[in-house]
Structures are given as structure tokens and as C-alpha cells.
Amino acid sequence: MKKGRIVPQYNFAKIEKKWQKSWQEKKVYEVDINNAKKPFYNLMMFPYPSAEGLHVGGVYTYTGVDAFGRFKRMQGYDVFEPMGLDGFGIHSENYAMKIGEHIDDVSKRTEKNFYRQLSSIGNMFDWSRTVETYKPEYYRWTQWLFLQLFKKGLAYQKKAKVNWCPSCKTVLSDEQVIQGQCERCDSFVEKRELKQWFFRITKYADRLLKNLDWIDWPEDVKTNQRNWIGKSEGANIKFQVEVAGENKGELEVFTTRPDTLFGATYMVLAPEHELVQSAKEVIENWSEVDKYVKKAISKSEQERKNDEKTKTGVELKGISAINPASGEKIPVWVADYVLAGYGTGAIMAVPAHDARDFEFAKKFGIEVKCVVEPKDSKTGLIFRLGTPKEDPQEKLEKIYKGEECYEGLGVSMNSGFLNGKSTTEAKAEMLEWLEKKNVGKKSIDFKLRDWCVSRQRYWGPPIPIVWCKECAKNQNKRKVLMIHGFEGVGDGNWFPHLKKELEEKGCEVFTPTLETNTKPDLEQWMKQLKPYLDKLDENSVIIGHSLGSKAILHLLEGNKQKVDKIFLVASAIGNLKRDWKWLADRWKNSDVESLRKFWEAELDWSKINPKVNESFAIVSKDDLYVDVSNYEAMELDGLNVEIWDGHRHFQQTENAALKDFIFENLFSNSEAVAVPVPDNQLPVKLPPMKDFLPEGTGKGPLAKNAEFVKTTCPVCGADAERETDVSDPFVDSSWYFFRYPSTEFDDVAFDKERTKKWLPVDSYIGGKEHTVLHLLYSRFITMVLKDSGYIDFDEPYKKFFGHGLITKEGAKMSKSKGNVVNPDVMIEKYGADTTRMYLRFLGDFSQGGDWRDSGIEGMNRFTKRLWSLFFELEGNGKGVDDFSMIDKTIKVVGEDLEKLSFNTAVARLMEFVNWVKENKNQFNEKQVKKIKETMALIFAPMMPHIAEEFWQEIGGESFVCEQRWPNYDKDKIIDNEIELVIQVNGKLRDKIKTPRDITENEAKKISLESENIQKFINGKEVRKVIYVPGKLVNIVI
RNA sequence: GCCUCGGUGGCGGAAUUGGUAGACGCGCACGACUCAAAAUCGUGUAGUAGUGAUACUGUGAGAGUUCGAUUCUCUCCCGAGGCACCA
């Protein structure tokens, strides 16, 4: 060994470039996508490519996730770490308009810049599989996804009062409105009524909620999602409405506190509530009411926000309601503190136990009736009320007198049969009573609303829909098969009234007469129905009653024929309401056994559902034969269940409500009908447009492009118009992780085998700000894809970890403050390794951290020290006896990386380096070899370039990133000698070195004998001696 | 108002089945090297008292449980983020 070796200069620019090139050339990070033995999908949130370039926060996340991915790879996993760009959206569009360039050019430039930056941070991205949401190869499948939802009835259009940003000239989702202002430009948002496309996410509310119970996510993220979904359980209660003593129908409300019904002293309707308009004639003060309602409805978010503090409203004079519990006549008001979109748009107001109602009642002098005592039902003790400064007794008196509002739990009072019951009991009992009296029932409401995906902008995927007027005309001309039930309906024309009206609309209606003698036979019915099924086409409709509906389902199950819609009226797919014996008694002449066989024949809904575009089941809880509760429980996928009141079995020859319902769902009143673009015509390309400013009329910029708009209908070939809305960028990002493993497929969005191999995602790491919307949307889309049979899992991410944000010297980074850290500058000045390492050291990954320029200087010194130390080590010493530091470091750093506890991992590595430095002249040759090898390996996840350089220096094979994480010797982790801590009365008084396996008595003995301790005992009585093995002795005196 | 997270030296932050508070780093001070500075290396660094060993105080405030509390319980204060007239 030669002495005084020359340490090469640490030229990070050179070595980082060298290794990045080498990794790329050798395709080290291109995972073997088909044959990987231990696939590990290491996903991070792809960035939105802004013109300013990659934010240091992005570097923070990506290098952190990469350190984890590299560690996983060293544990033997085939780690797939893809990257892409979420480039659609209003920011890019606004920016392009601002600088007067075309968005296509801007996008090309930012893409190049982003990928350059992302390549410079030393991540193991698989650059052979990128995803850019704004490229036709990608958004083709976003459009395909839209159509999947459309075909399942999960994408629909409705006129909706939407948030309109006058500056961006576009619609915003509720989520993008922050306190009445546009999330993007801070303009105050107005309300406008426009036709919008929605995704029916509310249908999945329960499932989105339930799965949270088992998915392996941090609790706070789950809580956020739960709150957003906002499930509340309560009751719907009907109040009778009276005008001049005469009953004028009913008013339904939703409440979570049915136990307070006796305290409902008035009712409030939302300004939009239909009763307000329909009762116009009988409202005595109509002009006043009309004025209020008009004003309230036109209020913008801004005004509502400003008015929040004061409650306003008008009484509907001449109208009153009857409290179903107390029988009292109570006034009805209209007020804008009641929201049309939640519950039933009307409330029963219980001012004594709801702060909002209380405020309103006090302002307008309405009676406040206390019906809940604030006391514990078991102990009878009055709850402690208010702050310690207030007098509890006085407060209690006020509550009883209705001078204060009490919202908590307690014991019912002034409430008839509920008196003395706890709130929980009273709720249950009231529900039971309501159901018995048929004036209310259990009900569940969600805060979650359907996802508005329409955007009247240019830079997004065009919604793949064609509007056809010709089809709207033809739509009415369809074949309808009506099938009667068992109950012997004359000539097979069950419900002749409906038949007649369908024919008037231009439909061809079949009403076969089935064998309905005393012995119904399924096989026979199916045989009789088959010729009729053969006459139908994909636009046809089936309306089946009772057993007849069951027979046609069995027939559909085994046949290829597809139909458009099916209506199951009082269908025998539900259980029999009572038992068969009862039926046998009732139907003495029928063969109940054969009926039973028919009724109970098993159906496979999953075979029927794909053959029907939309299916409805209409059933009544007053049905004589069919059990409704069973319908509620069935939850058949795609089946829309309608449960009505007061129909015994829908056998009437005329039923206006049923006819209306069927017509409503069969015939569109609009001029044109939405026709999905066929899959083979996708993508609907975004046409090049020089002027892509929105018109500001409510239609998107695409409406200005006549060439784009004009098309032919894919169904009938007539002239038709394209939809001009584009979809929300959240749709793009709701499925991108499905695409990464399948980027080379141009015939499917994602390949089945690939998806099976790589999904669900093993680890997803991203910012906490996305924990509600993006995560919820992608969970929803995953569920839809599962229900369509494309995948077999419900949840897209096995693990999610939300990291914190980084600040600069304690302040938020922003362009306006000019305190933005530019990653390019940092990498140029300190290199990627030092930057990565410093970002890891900032603080807990989940909490974020604070960037300090002086801090990275310190890390720079460390890197240089590490570099020199490595090359200075020679191994001429006689050897260090205690070499266990190496094993301890390997263990602890490995554990920290697994937990994403990067900051402590860095601290451990520093301690290790300090130890090597202290002993650098004592190590022998063998020890130096081990140290150098270990250094290369344990630094590899966080400082990948320097680690490769180390690895090369010691002559290691291939790349260090392909090596295994080193093993440690378990025996060396445990020290044989420990420092026994001795406390007196819990205070540290002495430390003594002892062998690890010291006995309890021995430990106590030496503790008591210690000179320091004797000083403290000083003749006092030793009461107790506590021994914690291997740790401490506490002497109590 | 509600929900969630947090509050530890001059600063970023460590430390949890309750058991040595302040790891690691920044900053600062002093020293070495140097004509000098930078860089580098070394020493010290929670506060108070003391030359010192050491003693007392100390994890937002107060109380409680315990032999022992940064950790658990209760009350309160402050900060950050999210939601907000959701019945």
C-alpha cells in the first residue's frame, strides 16, 4: 500500500452526468414489465408542467419517493417507477394566452424542460414509459373512459346552477371555489344555470366510505375523505300542510335528530323548494315572498358569504304545517339558510336544539320549546355546561326556558312517549313510531355531490359525444315488449292504457298472451316469449310485470339479444312477502308448488346486466306479494330500484304515475339526443385552433370551430353536431396509473395481464393537498372499472402516504415573494446528491420541512467530507475492536428507509461517517474493505451517483443500485455492556457500566452501594427499588 | 363554529408498549493552521448559579394518574391546514 494517496476532486457535475448517461444506456431502470418476479409499483403524483419549470417541492417529493424505491429495489423487488405530465388544464391555457403563444408550442417546450429537469435529479424513472395526458394517444382512452361511464348511466347531463368565474369565463366545481372566490384567479364567483356533464359519484358514496375501513392509509387522510363524503343518518319525516284548515298535501324533511320532533316549532323551505311556487295561489303575502325568493336565488356566493352572519327569511302566510308528533299547527317559512341541494330542501326547525334555528327563531320571535334535558340518562347527572366562568345552574335554567340553545345529547322532555329516554333511545323509538304511523322513515344523506366534469375551455379532452336530432325523432319509434304477470290478465294486455300511449308515440308494442292457468311454468313461458325477444333490437324496451318480468330475465340471461331499457314492475325477483303456506291459503285453486319453483329459480344478474343499457325496478312497500326490504338489500349492479308508496301490486289497468315514470325514462324531450362516439372513432382530436379564447357565452371555445362541430351521427348517419365541452383534468389524473404499465398498447387503455401484474399500486406518495379530490376520484373510477369487468380490485392504491410541503425560511414559497428555490440552480451549485440528501434531512417527510440556504451549505460540507474520507481510508491500522457500528447502522438506516423516516436515516449516516472519521487510522485492511463496501451500499438510495462512484472505486460488479441491501450481524447489535441508569425518586443521579445480563438483585445492590446514591439517600428510609431490566434502577426514598 | 395535525434550545428537528430530554445538523463562541481572510480541523454550546465537580429549573399553560410523564387523562391557550348555514 502506498502512503498518502491523492484524493480525487469531488466533481459532482461530471460524475452525475456520467452515471445518468450510463444508467440510461444500460437501461438499468427499465423494469422487465412482463417477467418481473417481484413487481413493486412505486408511484408518485405526476406533475402539472408549469411554464416556470419544476418546483423544488416536486424535487422534494420525487427524490424522497425514489430513495424509497431504490431501497425496495435493493431488497430484491422489481421496482417500477414511472413519470409523466398532467398537462391539460386551465393554467397552461391561461399562460399561453398571456404570452400570446399557441398552447401546443408552449406545451412542447415545457415538456422538454420538465423532462430535462426530472432527468437531472437522479431518479430511477423508467423513461421508456411516460404518460402525457394532453397527447391523443392518452386522451383517446380518457374519452373511452368517459364513454364507459356514459354507457353505464354514470355520465349524464343536467341543467345545473353552477359556479361561473367571470374572469376565467368558465365553470368551476364546488371544490374549486374557495370561500366564494375562484381558486385560480380569486375573482368572485357567480351563479349561472348551464347544462353540464356529471359523473354519478354519489352512487358510490357508500362504497367509497365503507372501503375506508380496511384500506391501509393514514388515519387523517381517511378522516378527510369521510368528512368529504359526509354521511349522516337520520329520518325523513312528512308534515301535513294545511291551508285554511284544509289538508293540502305534505312536506317532507330530513333530520338527524328525530328525537327532537316534539320541539319542531316551525318549518323552513329553501328558496328553490317547489312548494313555494306551487303554493303561490294560497300564500297571502305572495309579493313579499316572491321578492325574497327571487333575491335569494340570484345571490352570488359572494353575497351569501357576506350575509352569512345574519339570517333572513319570510313567513308563508296562509300556510301551516302539522307537527305529526305533537299535532300542533306550526308556521312555514322560506329562508336561504336552508339549502336546496341537501336533504329534501326543507327542514323542521327545532330552535331549542339547533343553533341556526335558534338564531332564526329569536330574530323572528318564534316559539322555542326545550325537549332535551342536558343530563346523563344513566346517572341522572346534569352535564357540565359552558366555560368554567359561567354559572351552570343559570345556564340550565335558560335552556329550560328556551333562552339558550342546547345541541348536545341528553334526555327527552316535553316529548310525550319519549319522555325520560336518552337521545339514542329516543331516536330509535321515534323512528319506530314514525314508521308505524307511516309518516316517516329512516334515511341517509350524503354531502358528496355528483362530479361535474364539463369544462367550457379548449385545453382538455373533448367529450366524445355527438348530438343528433334525427335520433331524437327516431328514439320514440321503438319496439316495446310488455309482459303480464301470473294473475290472469285477460288477453295478455296488461296495462292497456300504457300500450295505447306508447303506440301513439310511434312505438311498436307486443303484448303476448302467456299460459296463465293454475300451474305456471317457467320453461313454458320462456318458450312462448322467445319469438318476441327475437323481434327486438338494441333500441328496444321491455316492460315486465310480476312473474312475467322474471321469465323475461331468465330468457335474457341465456340469450345474446341486447335491449336498451328494461322496466321490472313489482317483479318476482324479490322474496315473497309472507310464506308459501299463506299464499296457498289465499290461492286455493293454484298450484303453489310450481309457482314457488318459478319464483325461486335463480338468476345471475351479472349475465343480464351487460345486455341492458339501463334497468329499473319499480316496487311498492305496500305490495301484497313482493318483499321490498329484500330489494333494498339486493343492490344489484346497475339496477335502479324505485320504491313507491301505496301500490298493492301494480295490477291496475291505469296507473298515471307508472306511465309517467316510464315515459320520462324512455323519451327525451330535448331536441337532440346524446350519441356516444364509437370506440373505433376515438380519439376525438382537439382541433388546432389559433383563437382558443372562450366565448364567454357558456359554450366552450370549440363551439367556434364549425369544422369540428359538424359531423355525422354514428347511429343514423344524419348530420349532427359534436359536444363542445372538454372534460375536467381530474378525469385525466383519475386513471393515469393504469396507463403506465401499458403505454405501448394502442388497442386498449390498459392491458389485462399487465394490470393484473402491476396493480393495484403498491405505494403511492404525494401531497396532502390531494388527499380528498384526486384520491376520491381515482378510487371512484377504479370501482367503475371493476364493475365493468376490466379489473378485479376495488381500490387503486394499497398504501398511500401524504408528505408535507416545504417552506423557505419559514414562509410559503411564492413567485410574488420572490423566495422560490430553483432546483436547477441548486443542482448546478451543489449537485443532485447533495440536494437530495439535504431535502431528506429537512424534517419528517409527512410534515414537510423548511428550506434554508445555510442548511444546504452544511450538507455540502458533509458530502465533501464523505468523499474525502472514502478515498483517504487506507487500512494500515491494527484494527478497531468494536466494529458493531457498521451492523447497527445497516439495521437502523434500513428500518428508517422502510418507514420513510429519511431525516433520521440521514442522521444515522452522519453518525456513521463521524465514527469512521474518528477511527480512520486505526482500521485494518479487512475493515476498510468492509467499510467502503458498506458505504457504497447504504448511501445508494439517497445519494445514488456518489454511491456508484464508490462502488466503481472498490471494483464492484455492475451498478450499486442493482445490489442487495447489506445484511447485518444480529449478535453485534446487542451491546454486552450497558450503562445502568440510577434514579432517586425518578431523578437521574448516577450511571454505572454493567454487563447486559446483570441480575436484578445485583443491579439493585450496586445501585444502592454507589457513592453518589448514598449521598442522596443520606440515611433516609429506602421505600422501594424499581428495576427495569437492561435500563435503570429507581430508588424511592 | 366543526374536523385534522402540531407546539421541545438562538434555529431545523430527534426521542412513544411511560424509563438517561435535546440525537443529527445549522448558527454561535473559542482555539489551531494563515501575514491575513476564506476553506479546513479541534473544543464548547438548554437556562440559571458556580473556576469546577455539581445543584436547581426546563418539552405552550394548569391540574391529574404514576416510583417515574415530551409520551397517558382532563381543562385551557396558541399556530397550521381543511371544511363551513349539510338540518
Side-chain angles (χ1 to χ4, degrees), chain A residues 175 178-179 218-224 226-228 230-232 234 253-257 260 264 268 270 304-305 307-311 335-339 341-350 353-357 359-360 384 387-388 407 445-449 768-769 771-772 804-805 807 809-810 812 838 841-844 846-859 861-862 864-865 868 901 903-911 913-914 917 979-991 1012 1015 1023-1028 1030-1037:
Chain A
E175 297 84 68
I178 313 294
Q179 307 213 319
E219 271 315 310
D220 56 332
V221 175
K222 292 205 223 178
T223 308
N224 272 341
R226 283 195 189 103
N227 290 346
W228 191 265
K231 180 177 182 170
S232 39
V253 300
F254 172 72
T255 178
T256 54
R257 292 290 301 269
T260 62
V268 187
R304 279 218 176 186
K305 194 191 148 206
D307 291 353
E308 236 170 61
K309 281 160 207 127
T310 52
K311 297 233 172 343
D336 68 359
Y337 82 92
V338 172
L339 307 175
Y342 186 78
T344 62
I347 61 156
M348 62 177 214
V350 185
H353 306 289
D354 181 289
R356 294 156 300 180
D357 297 342
E359 190 195 333
F360 190 86
R384 211 182 138 196
T387 57
E407 292 186 292
D445 255 287
F446 293 93
K447 278 200 253 183
L448 185 70
R449 290 192 231 161
K768 285 188 169 155
E769 69 276 22
T771 52
V772 177
L805 300 176
T807 51
E809 324 270 344
K812 248 186 206 169
Y838 176 59
F841 193 50
L842 283 182
D844 189 291
S846 70
Q847 302 289 320
D850 191 41
W851 176 288
R852 303 207 162 221
D853 289 337
S854 60
I856 193 167
E857 285 290 349
M859 190 55 78
R861 283 202 285 274
F862 171 78
K864 284 198 242 169
R865 215 153 51 219
S868 315
S901 180
N903 53 339
T904 53
V906 173
R908 301 287 183 182
L909 289 170
M910 286 174 164
E911 283 177 273
V913 168
N914 292 344
K917 198 180 160 92
E979 210 171 48
L980 186 73
V981 170
I982 306 165
Q983 299 178 329
V984 176
N985 285 348
K987 286 189 175 169
L988 173 68
R989 293 304 179 197
D990 202 6
K991 294 176 189 176
N1012 278 347
K1015 215 164 65 192
R1023 284 240 207 101
K1024 207 166 156 191
V1025 181
I1026 290 146
Y1027 175 64
V1028 182
K1031 279 201 172 141
L1032 62 71
V1033 173
N1034 188 14
I1035 298 159
V1036 188
I1037 56 173

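Numbers restart at 1 for each chain; the letters A, B, ... are given by sequence-line order, proteins then strands.
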For V1036(A), the option from V1025(A), V984(A), N985(A) that meets side chain to side chain contact (heavy atoms under 4.5 Å, CB included): N985(A)

Side chain of K917(A), heavy atoms from C-beta onward: which of C67(B), G13(B), C41(B) has the nearest atom to it? C41(B)

One should read off an interatomic distance between M348(A) CE and R257(A) CZ, to the nearest 0.5 angstrom, of 9.0 Å

Looking at G12(B), U20(B), A55(B), which one has an atom nearest to any side-chain atom of L988(A)? U20(B)

Counting any heavy atom closer than 4.0 Å, what does R865(A) reach on the DNA or RNA strands: base, sugar-phosphate only, or nothing? sugar-phosphate

Just to be sure I understand the rule, does R989(A) reach a base, reach only the sugar-phosphate, or reach nothing, if contact means heavy atoms closer than 4.0 Å? sugar-phosphate

Check the chi torsion on G62(B) and let me know: syn if it falls within 90° of 0, anti if not. anti

Between G13(B), C24(B), U4(B), spot the one nearest the side chain of A907(A), thanks. C24(B)

Quick one: label K231(A) by what it contacts on the DNA or RNA (base, sugar-phosphate, nothing), any heavy atom closer than 4.0 Å. nothing

Touch class at under 4.0 angstrom, heavy-atom based, for I1026(A) against every strand present: base

When all nucleic acid strands are considered with a 4.0 Å heavy-atom cut-off, which category describes Q983(A): base, sugar-phosphate, or nothing? base

Check every strand shown and say whether S232(A) touches a base, only sugar-phosphate, or nothing at a heavy-atom separation below 4.0 Å. sugar-phosphate

From NZ of K987(A) over to C1' of U54(B), roughly how many Å is that when rounded to an integer? 14 Å

Counting any heavy atom closer than 4.0 Å, what does N224(A) reach on the DNA or RNA strands: base, sugar-phosphate only, or nothing? nothing

In terms of side-chain heavy atoms of W228(A), which of C83(B), C24(B), A87(B) is nearest? C83(B)

Using a 4.0 Å heavy-atom cut-off across all strands, classify G230(A) as base, sugar-phosphate, or nothing. nothing

Any side-chain N or O of R861(A) under 4.0 Å from OP1/OP2 of C24(B)? no

From CG of L1032(A) across to C1' of A21(B) the rounded distance in Å is 14 Å

To the nearest 0.5 Å, what is the distance between CG on D844(A) and CG on L842(A)? 11.5 Å

Between C85(B) and K311(A), counting only base atoms on the nucleotide and side-chain atoms on the residue, is there a donor-acceptor pair under 3.5 Å? yes

